[in-house]
2 protein chains.
Amino acid sequence: MEELLNHCRENGLRVTVGLRAILDALNAADLPQSLLDLEQNKELAKLCDRATIFRTLQRLEGIGLLRRLNFSHSGAKFSLNTGDGHKEYLLCKNCGDVQTLDISCPVHKLERELAESRGFSEMSHELTFYGLCPQCS
Amino acid sequence: MEELLNHCRENGLRVTVGLRAILDALNAADLPQSLLDLEQNKELAKLCDRATIFRTLQRLEGIGLLRRLNFSHSGAKFSLNTGDGHKEYLLCKNCGDVQTLDISCPVHKLERELAESRGFSEMSHELTFYGLCPQCS
DNA sequence: ATACCTGCAAAGTCTTTGCCTTAGG
DNA sequence: CCTAAGGCAAAGACTTTGCAGGTAT
């Protein structure tokens, strides 16, 4: 947590009550959070407004602390970029359930190759699996 | 094309002017199309309304003829599911340029393993790479 | 002190729906 | 004929912004 705040400071963000609260909420959640999820978080709602959350998420994404996920049929969701790699997800396309996949990223090598062959920089990727969960099958 | 229409018929869709036009437009496009892209397609606009396009896309997705792609910072886009596998994409996160990747899918095996280990069915996935293109770097 | 951050409210953008009419099989 | 599909217009859902006042540094 203190590490996250330092990263923010180093990148010129001011450490405000809102920033702390948002980082706390993201850190506490075990699944990616949408703007709406955060807005409806009771603790957070007491401390800041939707616009603040929105703009803070933007800033955090901007400095690379946050990963943006574009899941089907739900707005963007965000998860903290912890140092130790990222997770991929498996979603049920019927009930919307989100499961986390603890797998080592299968496309890292490909990503580097692409960057080189196409002259791209600052690469990232999004890999999401969809299907019907056992209950919905 | 005739093949696509047959698939539609087999799945109970009526072959209307709108359906033909939408399939044509998707078929002609070499990149995934958003609802807005289609709405603004002059040919198509003469033949059908936004609601029609929207509902037709839904139906086509429903019968598995259409793949829905959720690219960051742009609405959903759709591409026809041709028999011979699907494509993945590389997007510039600054200018929004979309490049098609002609690579054999690197996560097919993983997808099957997941289906088995987690009891999911009707699996699909979305793999998208993001980065800064040479011009935007 | 000053540049950044916040709240509020309003506007944007894209998606989805209701309802009545039209037309495919 | 009967039911799916279409058109129009309005509502929803989510995202984004302007501006005036507050706050971290």
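Chain letters run A, B, ... following the sequence lines, proteins first, then strands; residues in each count from 1.
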Exercise for the section: Scan Leu47(A) against the nucleic acid and name what it touches under 4.0 Å (heavy atoms): base, sugar-phosphate only, or nothing. Expected result: sugar-phosphate
Handout entry: Degree of bending in the helix from dA1(C)-dT25(D) to dG25(C)-dC1(D) once both end axes are built from five pairs, to 10°
Key = 40°
Practice task
Would you please say whether a donor-acceptor pair under 3.5 Å links the side chains of Thr52(B) and Asp49(B)?
Solution key: no
Practice task
Compare side-chain N and O positions of Ser34(B) against OP1 and OP2 of dC14(C) and report whether any pair is under 4.0 Å apart.
Solution key: no
Problem - Pair Cys133(B)-Lys93(B), side-chain contact (heavy atoms from CB on, under 4.5 Å): steps then yes or no - result: CA-CA 8 Å; Cys133(B) 72; Lys93(B) 51 191 167 192; over 6 Å; no
Exercise for the section: May I ask you to check whether Glu126(B) and His86(B) show a side-chain donor-acceptor distance below 3.5 Å? Expected result: no
Problem - dA10(D) phosphate, OP1 or OP2, under 4.0 Å from Arg50(B) side-chain N/O - result: no
Handout entry: Side-chain donor-acceptor contact under 3.5 Å, His108(A) with Glu113(A)
Key = no
Handout entry: Protein proximity profile, nucleotides 17-25 of chain D - base contact B, sugar-phosphate-only contact S, no contact -, cut-off 4.0 Å on heavy atoms
Key = BB----BBS
Practice task
Kindly state whether the ring of Tyr89(A) and the ring of Phe129(A) have centres lying under 6.0 angstrom apart.
Solution key: no
Handout entry: Residue Lys87(A) excluded, over 12 heavy atoms near NZ under 6.0 Å
Key = no
Practice task
Please work out if Leu57(B) contacts a base, only the sugar-phosphate, or nothing of the nucleic acid, heavy-atom cut-off 4.0 Å.
Solution key: nothing
Practice task
Give a yes/no answer on whether the side chain of Thr52(A) brings an N or O atom under 4.0 Å of OP1 or OP2 in dC5(C).
Solution key: no
